[in-house]
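Inspection log for the structure reproduced underneath, given as structure tokens.
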Amino acid sequence: MTRYLISFDDGAMTFPEEELPEVVEASHEVVRKARDAGVWVFGGGLERQRASVVATDGTVTPGPYPETKAVLGGSSVIDVPSREDALEWAAKIAAACRCAQEVREIMPDPTV
């Protein structure tokens, strides 16, 4: 099977604040279904804060890089047989979270 990263940008979820409990429950339901299907690896939303960038010499600076316009808001990793399966799960996540999702294949670990 292949692992896929399904993610969305911070600020992409633009529904009214009072709908948050409904969105949370819908997204948790998708996670439950993915776990039951045996495809869930891990995932979650990210706190609204800037990242820290650690350089190769260990220097820490505020991030993301200045040229970055989008900041990751949350992500899920699933392990499925095909890209089509990943797109189907991304559609379920998009509907639950009420925002578009980006899907990327994670490169396999050659040592496994």
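Because the structure is a prediction, the values reported are computed rather than measured.
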| query | Are Trp40 and Ser76 side-chain neighbours, meaning at least one heavy-atom pair lies under 4.5 Å? | reply | yes
| query | Take atom CZ in Arg104; do more than 12 heavy atoms of anything else shown fall under 6.0 Å from it? | reply | no
| query | In terms of hydrophobic clusters joined by side-chain contacts under 4.5 Å, are Val41 and Val39 together? | reply | no
| Basic-acidic side-chain contact under 4.0 Å: Glu25, Arg32 | yes
| Rounded distance (nearest 0.5 Å) linking atom NZ of Lys33 with atom CD1 of Ile93 | 12.0 Å
| note | Sorted by chain and number, sequence neighbours left out, side chain to side chain donor-acceptor pair (under 3.5 Å) with Arg83 holds for none
| If two hydrophobic side chains count as joined below 4.5 Å and joins carry through other members, does Phe42 share a cluster with Ile106? | yes
| note | Heavy-atom closest pair (Ser82 atom, Tyr4 atom, distance to 0.1 Å) is C-OH, 3.6 Å
| Nearest heavy atoms of Val103 and Ala86, plus distance in Å | CG1-CB, 4.1 Å
| field | Verify same cluster id: Ile6, Val31 (apolar side-chain graph, 4.5 Å) | value | yes
| said: Less than 4.5 Å apart, side chain to side chain, heavy atoms only: is that true for Met13 and Glu19? | reply: no
| message | Using only atom types and a distance under 3.5 Å, with no angle test, would you say the side chain of Asp9 pairs donor to acceptor with the backbone of Leu72? | response | no
| task | With rounding to the nearest 0.5 Å, note down the distance linking CD in Gln101 to CG in Leu5. | result | 9.5 Å
| said: Just so I know, are the side chains of Val30 and Trp89 near enough to count as touching, which here means a heavy-atom distance under 4.5 Å? | reply: yes
| said: Please give me the minimum heavy-atom distance between Phe8 and Ala100, naming the atom from each residue. | reply: CB-O, 3.5 Å
| said: Rounded at 0.5 Å granularity, tell me how far CD1 in Ile78 sits from CG in Asp85. | reply: 8.0 Å
| message | In the structure I gave you, are the side-chain heavy atoms of Leu46 and Asp10 within less than 4.5 Å of one another anywhere? | response | no
| request: Drop me the distance from Ser27's OG to Glu22's CD, to the nearest 0.5 angstrom. | output: 11.0 Å
